[in-house]
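Shown next, in structure tokens, is the structure this report addresses.
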Amino acid sequence: MSSSIPTPTKFDDKFGSVSESYKNFRTTYNDELYSIIDSYCDEKRDLAIDIGAGSGQATVKLAKYFKKVIGKKSIKICRKGRQCEYRLSAAEKIDLPTGSVDLITVATAVHWFNLPVFYEESKRLLRENGSLIIWCYNLFEIKNDESQKIFENPHQTKHIQNGYADIKPTFDNTIRKNITVETLMPIDSLIGMISSLSSYLAYIKEGNKDVLPDFKQSLMDILKITECNSKVIEVKFPIYIILSKNRH
């Protein structure tokens, strides 16, 4: 099925001018997520591929558990790490041998894919008992009622809104887990992270007003602060994880 998918010849950077913000401000996933991945995978760990790797934050972390990790990147600026490399590729057509991959991961990116074709390509790539692990983090909650009321994302991807409930890999054995990341953030980091969201970029491209300067000022007023670099915002990120095994 993957043969009809063209091989990219030009890098399609979905985040364009905010690639640097993506790298600097996107939330990092916590140790609990990687512990779940570690527990789910069996002992053969020669090769993992991280598709839609973004800045490579998960790619680099996976290198702790696998001999080699290939990130299929979605922005131009990526983290460097031992045992890691980045390649340009369509998610639905990966230039690797059949049955050569132990783990495929997709972090908050699978909603961009042609899902039926991607699932078939995953089955081709994964060896027997190899794992496909997909996750996303939902719109964060600010742990301050007044602050939360003034924030809304007017263009959030519908798949992420429902915690990937409608993302259903075509594997016979699929399970779901939910965890939460809690962190303290400076206001400037929070604003930077929101500015890097593809949904917010789409909102601005539609001609809507950039509401982030007003949002930033409102947060500062509510919290009665003048300094934006102190870690004063308590933020919660729900993470929804889908785990599947390739068993024939």
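Along the sequence shown, the residues carry numbers beginning at 1.
Between the side chains of Lys123 and Thr170, a donor-acceptor pair is found at a separation under 3.5 Å.
Between Leu132 and Phe118, the closest side-chain pair of non-hydrogen atoms falls below 4.5 Å. Residues Thr180 and Ile239 have side chains not in contact (no heavy-atom distance under 4.5 Å, counting atoms from C-beta outward). Under the 4.5 Å side-chain criterion, counting only non-hydrogen atoms from C-beta, Asp214 is in contact with Lys209. Counting heavy atoms from C-beta on, the side chains of Asn114 and Pro116 come closer than 4.5 Å. The shortest distance between side-chain heavy atoms of Ile179 and Tyr240 does not fall below 4.5 Å. For the pair Arg45/Lys67, no side-chain contact is recorded, criterion being any heavy-atom separation below 4.5 Å from C-beta on. Residues Pro186 and Leu190 have side chains not in contact (no heavy-atom distance under 4.5 Å, counting atoms from C-beta outward). Counting heavy atoms from C-beta outward, Ile36 and Lys177 have side chains that approach closer than 4.5 Å.
With values rounded to the nearest 0.5 angstrom, Met185 atom CE is found 9.5 Å from Ile191 atom CD1. Atom CD1 in Ile49 sits 11.5 Å away from atom NZ in Lys68 (nearest 0.5 Å). A distance of 9.5 Å separates CG of Leu126 from OG of Ser244, quoted to the nearest 0.5 Å. To the nearest 0.5 angstrom, Ser100 atom OG is 6.0 Å from Leu125 atom CG. To the nearest 0.5 Å, atom CZ of residue Arg124 and atom OG1 of residue Thr98 are 4.0 Å apart. Here the CZ-CE distance, from Phe215 to Met220, works out to 12.5 Å after rounding to the nearest 0.5 Å.
Electrostatic pairing of Asp46 and Arg127 does not count as a salt bridge here, judged by no charged N lying under 4.0 Å from a carboxylate O. By the 4.0 Å N-to-carboxylate-O rule, Lys44 lies close enough to Asp102 to be salt-bridged with it. Salt-bridge annotation for Asp95 and Arg87: absent, with no side-chain N of the basic residue lying under 4.0 Å from a carboxylate O of the acidic one. A salt bridge does not link Asp38 with Lys64: none of the charged nitrogens is closer than 4.0 Å to a carboxylate oxygen.
Tested against Leu243 for a side-chain contact (heavy atoms from CB on, under 4.5 Å), the candidates Asn173, Ile133, Thr174 yield a single pass: Ile133.
When atom types are taken as modelled, the side chain of Glu234 and the backbone of Leu184 share no donor-acceptor pair closer than 3.5 angstrom. Distance alone, capped at 3.5 Å, places no donor-acceptor pair between the Ser35 side chain and the Asp31 backbone.
Nearest heavy-atom pair across Ala53 and Gly71 is CB-CA, 4.0 Å. For the pair Leu103 and Leu62, the tightest heavy-atom approach, listed with the atom from each and the gap, is CD2-CD2, 4.1 Å. Shown here for Ile94 and Ser89, the closest heavy-atom pair between the two residues is CD1-OG, 3.3 Å. Taking every heavy atom of both residues into account, Ser122 and Phe171 meet most closely at CB-CZ, 4.2 Å. The nearest pair of heavy atoms linking Ile70 to Thr59 is C-CG2, 4.5 Å. When all heavy atoms are compared, the tightest approach of Ala63 to Cys84 is CB-SG, 3.7 Å.
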Audit row: Asp188, Lys216, side chain to side chain contact (heavy atoms under 4.5 Å, CB included) steps and yes/no = CA-CA 8 Å; Asp188 277 349; Lys216 177 179 177 178; 2.9 Å; yes
What's the verdict on side chain to side chain contact (heavy atoms under 4.5 Å, CB included) for Ile104 and Ile51, showing C-alpha distance, side-chain angles and the deciding distance?
-> CA-CA 7 Å; Ile104 297 172; Ile51 303 179; 3.7 Å; yes
Worked verdict on Ile187 versus Leu223 for side chain to side chain contact (heavy atoms under 4.5 Å, CB included) | CA-CA 10 Å; Ile187 288 178; Leu223 298 171; 4.3 Å; yes
Go through the steps for Val110 and Tyr164 under the test side chain to side chain contact (heavy atoms under 4.5 Å, CB included), then give the verdict.
-> CA-CA 9 Å; Val110 81; Tyr164 271 5; 3.6 Å; yes
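Geometric assessment of Lys245 against the ring of Tyr40 yields a positive cation-pi assignment under the 6.0 Å and 45° thresholds.
For Tyr29 and Trp135, the gap between ring centers is short of 6.0 Å. Here the two rings, on Tyr137 and Phe237, have centers that are under 6.0 Å apart.
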